[in-house]
Novice: 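Let me begin by handing over the structure; questions about it come next.
So that the names make sense, note that chain A is the first sequence line, chain B the second, and so on, each numbered from 1.
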Amino acid sequence: MPNKVRITLMVNGIERDTLVEPRTLLIDYLRDDLGLTGTHAGCEQGVCGACTVLVDDRATRSCLLFAVQLVGRSVRTVESLAANDGSLHPIQRAFNAKHGLQCGFCTPGMLMAATDLISRIPLPTEDDVRERMSGNLCRCTGYQNIIASVIEAGRLVSEASASAGALVKEEVPA
Amino acid sequence: MKPAPFDYVAANSVADALDQLARLGADAKILAGGQSLVRLMNSRHSTPGNLIDINGVTDLDRIALEDTDIVIGATTRQRTSETDALVTEHIPLFAAAGHHVAHLSVRERGTVVGSIAFADPSAELPVALLALEGTVLAASHSGERLIAAADFFIGPWQNALADEELAIEVRIPIQPRRRSGSAFLEVSRRHGELPICAVAAITTLDEAGSFAEVRIALGAVGDRPVRARSAEQKAVGLTPSAETYAALADSTARDLEPISNLHGSAPFRRHLAEVLTKRALTAAVADAQESSHA
Amino acid sequence: MTTTEDQTASSRASGESTSHKWIGKNLPRQEDPRFLAGRAKYIGDVTAPGMLQAAVLRSPHGHARIRSIDTSKAKALPGVVAVLTGEEAAAFVNPMPAFCAEPVEQYAIARGKVRFAGEAVAAVAATSRYIAEDACALIEVKYDLLPPVVDPLAAMQPGAPLVHESLDSNVVFHRSLDFGDVDGAFAGAAHVTRGQVRWNRMSAQPMETCGALASWDPFTKKMTLWSNSNFYNFLPWAFAGMLGVPTHQLRLIPCDVGGSFGSKHFLTKVMSIAGCLSKATGLPVKFMEDRTDNLSANDNVGCDRRYNAALALDSDGRFLGLDLKIIDDYGAYFQFAHGQHGNAMAQPTGPYQIDALRYDVSCVLTNKTQQGFFRGAGADPGNLILERLVDQAAAELKIDPAELRRRNFIRPEQFPYKIPTGNVYDSGSYMAVMDRALELADIDSWRAEQKRALAEGRYIGIGLASCQERSGYNASEWWFLYDNPPLGATSTPETIKMDVDAMGGVRVQIGSPLWGNSPETVVKQVVAEELGVEPTDVSVEYADSSSGAISAGPGGSRLTIMLAGATKGASKRIKEKMIRIAAHALEASPDDVEMIDATFRVKGSPGTELTMGEVGMRAHLFKNDLPDGEDSGLLENYTYDHPYATSPNADRTDMGVFYPMVSHGCHIPIVEVDPETGVVKVIKYYAVNDCGTLVNPKLVEGQLMGGIVQGIGAALMEEYSYGEDGTLASSTFREYLIPSMAEVPEIVIDHLQTPSPFTEYGIKGAGEGGRLIAPTALASAISDALAPLGVWINEIPMTPQRVVEAVSRAAAQSSAAQAPRSVSEQP
């Protein structure tokens, strides 16, 4: 049996120092070693996108990556989105407002893929969403409300950053 | 669905990777994007004893124009390649093929060279490489060698690399500009899935508007990507027309020995090869005629 | 053609829904936050101290005798705690529960022989799933291959190899029943349309697979079992029997469920495997299927049917009789018997007046994973055959398909309407639904577009399907095809426990799991409606089996109907008690006290008020201030039984009422087909549904859209693929294809609301309508697109290969006939 390897990486802003087998998939490291069960395994074949997390801010399938590959990298999971006081991130609020989830199993992957998308294209169109997120499968919603949620999320994120900017300006004495 | 045990080593340079390959040989696999390899390891269809991770070999992440070749390094991501100005400008067929590969999120991670080395008989990039008559630069302790695409794919998921060899880069001759055009077409069961038939066509016309050169490469219709050599030879000197395309497509399809699986039977793939060849030739000639007007 | 009556009925419906404060409102889904935050608790997220993980070794062969299994190397692997073969597991668990009358025994881990590719032959418990899979790879099984039984038609032949030697034929069940004068109807028909349909094997494939965590306590002899199954509060004794634990010693705990679509109705394999390993090790053991486990061996794949059918019509195009001859491939076991046909018999004649029906069904066993429940549950192929026959009859008689439907629809004044099988439809406005759909789709402009495209050599198709969605099943559908059923149950109850706490808050425990539907939102809306509180004043929890809350749970599109009924009933009783207590305090007669917006006051005497908190405190802690004979507390267990169900008669000429809340929809998809490549693109989808009163329109639309997209999968890509050797080729998501965003068009939805007279608020079910209708509507659309080429579609899924083959068959036929057939001569 190969030796375990010590890895250090940032997960949701916290430095983690863990011994893992080289074969430990990132998804199992997150779920089993760190107890971050928000990330879900749907197919373990890279098809469904349910396990999507952000690696250095880019949407990545955590079933096709070994934890040992993440040394020195930064990983973000769905657990990092909402604030500790329970207030939801604008992307999460958009999914609630547009009924973009039912069973919720694909949702964390959808949210992380949407986070990446909006960071690249702040106000995505329907075509943008279809191109960027067609690798994330959902069996409940029929997608239409997910697409609407992501478009709405772009709007809410832009509004939030605009009002944050406005707030900063107001605080600066004229 | 969990991988079997293996030892992992992260290479930090090409020399380091070659050392590891020399040491581990047949019991090692190169890990780049991992979008195909890790999938097969999860289902234990692949159980290498060692993985040599080359993602940290940053000098392999490059796209360059060298002489008349576009060079794409071993850790260059597919998405980087398909949107790169050199690629879209000089080898538009390769960019077009790239857009059909899996989903965008997979292409962000998957590498060009990895997909080619994986040698999936249905994958798009090997078809494009074959049509473009590109080469793979292989390196080992005993030196470097260039392997032509036609010699590189030797069977289903089998390439011509020796156990201790690393595919450093692919080199793809730039497409001619004058009176030349190309097209890449495929049919797949679902967006982002491997095609059940893919066709790449490059057509170059002479001054009279007849075919000076035609290249047709196909995927998902054999145990490896194939060229329609006989149809290509017949084409030279012919005048492009619907009848010509149909005849060449018919010739192309006849020469195939298609694979068969649940996504499409051999006769159906042969039929698709004919339909797509006809359409690809039509599109490539239109592209060529546009370029000669330009 | 007038539709006045329909419109009156439906506008009455929408009129009623506006009289409610909360019913009919788009309350944002209350369940969402924990799912959005990644804090939901699915079975995969549950752990227990000392827990082991299981993996299963599966047979690669479809049919083979197990000669020997050597587990010694696996047992020797560090980290492995137990390895059980089927023979060894039998020391810990019993055969799986089965609802069939025939001797078809089934174990979670095969004994003696394997009967489908993917059947478990050994299970391992280890300290991690990785090690458990390592151990599986070390188990050596020797098989003696038997001839695989793959083709059900061959399986029916005398002398075919037997899947079960306990039976003398692979035809495990056959029955032919006439309802009404079938022979007379066909003898007197002016026209008979005959057609076939092939519906291939599919399965639900929710994004979450099935799993169970069993924790056996060898000292108390109690077992605690977490899973994502339904029926833990309905048939706990069946799980208990399988696990060899008395029902009162078994605690079944539900989890958030990552989708089911029927496939998690009754999970026995995962529970049995986790259960036997926990008993063998004395430790908690979790078995979580991976995708290949689920695809190859889940308990509930969908129908796999061949129909030979005929529709008799009179000279005016009125339907007289329907003759359905069905061969259904059940796979290797018969766990749920022929329940899918009981289900289909709720609505075999669709929305039409058809007085005579012959239903002839053969259930055939083959070497495939077993049939169970998948959204539609057997009525889905029934819609396809009926609507294909109607379209075919329209083509043969040169009547516009919509017009032919109009002539035969059951009319609003005919409800409640008894169909030949005995089931009763509650209400409906079928013509109005179709007219609205035709209007919504702007059908004339699509016909013009179709013509324009055809001139360019492009094939656009416009589908039309008018189908039923039976909802709110009763248990009799499982067994009434038997004269002597093993379990002739007649109950499908839904129980809730509700209380008002001492501060006036409302707590509700429901007996059903969350499957991706919205039980918490439904309960909150109903409580808010009935008690005048805000939805935020209500909390909803999920009762486990120890609560004794008998609840059949989601399934058969029943849950909103049943939960609303139970919640309203409990609210009413608690409200009455609060009014009695308030009246006593206000020194008034209960008849004179009213409850408005969660406060109590004497009618006509403003000023004197009690809040729910004041009444709550009084009820909990001030016994001496309660009316005489009133118990402390405000706690109610309320069971809402099926609102209208009767038993079948003895000779089975009338199956009784078992599925009487009948929703309806008319769907019009627009497709473009490339006849050369066989690629079908859905370019737009219009759907008008009528599922009675909408509790929460946005959530209903979500159910509908999701079902429609599953229907797109059914129509175009989803299929189990068994080779002639019995091996399964479609064992991952790369082979079993479900639709992605890229295959889904814009879906345009509208609703009519014809209330059910049988249910609280007039609610009907809405969980299955999308998938019950979409495959049929899409088959119609593809057929319409390729009609100019002489193609008739009678099989799903229509993969590119099948489309191309159909086109080339039609071309061959037409050249054989020496003359292309015109569109109107189709098929």
Novice: Please flag which part of Ala102(B) lies under 4.5 Å from any non-hydrogen atom of chain A: side chain, backbone, both or neither.
Specialist: neither

Novice: Just so I know, are the side chains of Arg109(B) and Leu64(A) near enough to count as touching, which here means a heavy-atom distance under 4.5 Å?
Specialist: no

Novice: Sort Asp116(A) into side chain, backbone, both or neither according to what part of it lies under 4.5 angstrom from a heavy atom of chain B.
Specialist: neither

Novice: Can you find a heavy atom in the side chain of Phe66(A) that is under 4.5 Å from one in the side chain of Met41(B)?
Specialist: yes

Novice: Does any part of the side chain of Leu137(A), heavy atoms only, come nearer than 4.5 Å to the side chain of Arg190(B), both counted from C-beta?
Specialist: yes

Novice: Measuring heavy-atom distances to chain B, does Ser134(A) have an atom under 4.5 Å in its side chain, in its backbone, in both, or in neither?
Specialist: both

Novice: Find the distance between CZ (Arg23(A)) and CG (Asp7(B)) and round it off to the nearest 0.5 Å.
Specialist: 11.5 Å

Novice: Roughly how far, to the nearest 0.5 Å, is OH of Tyr8(B) from CD1 of Ile7(A)?
Specialist: 10.0 Å

Novice: Hey, what do you get for CD (Gln69(A)) to CG (Leu31(B)), rounding to the nearest 0.5 Å?
Specialist: 4.5 Å

Novice: Using side-chain heavy atoms (C-beta onward) and a distance below 4.5 Å, is Val47(A) in contact with Arg39(B)?
Specialist: no

Novice: Kindly check if the number of other-residue, nucleotide or ligand heavy atoms within 6.0 Å of CZ (Arg120(A)) is above 12?
Specialist: yes

Novice: Between atom OG of Ser105(B) and atom CE of Met112(A), what is the distance when rounded to the nearest 0.5 Å?
Specialist: 14.0 Å

Novice: Does Asp28(A) reach the side chain of Lys2(B), with side-chain heavy atoms less than 4.5 Å apart?
Specialist: yes

Novice: What distance separates Arg58(A) CZ from Arg79(B) CZ, expressed to the nearest 0.5 Å?
Specialist: 11.0 Å

Novice: With chain A as the partner, which of Ser43(B), Pro3(B), Gly34(B), Gly33(B) has the greatest number of non-hydrogen pairs under 4.5 Å?
Specialist: Pro3(B)

Novice: Could you tell me which portion of Leu37(B) (side chain, backbone, both or neither) has an atom closer than 4.5 angstrom to a non-hydrogen atom of chain A?
Specialist: neither

Novice: Salt-bridge test for Arg44(B) and Glu44(A): reply yes if a basic N is under 4.0 Å from a carboxylate O, no otherwise.
Specialist: no

Novice: When you look at CG of Asp85(A), are more than 12 heavy atoms from neighbouring residues, nucleotides or ligands closer to it than 6.0 Å?
Specialist: yes

Novice: Please tell me if the side chains of Val38(B) and Leu25(A) come closer than 4.5 Å, counting only heavy atoms from C-beta onward.
Specialist: yes

Novice: Mind ranking Thr60(A), Leu65(A), Asn136(A) by heavy-atom pairs under 4.5 Å with chain B and telling me who comes out on top?
Specialist: Leu65(A)

Novice: Look at Glu108(B) together with Arg61(A) and state whether they make a salt bridge at an N to O cut-off of under 4.0 Å.
Specialist: no

Novice: What is the distance from atom CZ of Phe6(B) to atom CD of Glu21(A), rounded to the nearest 0.5 Å?
Specialist: 9.0 Å

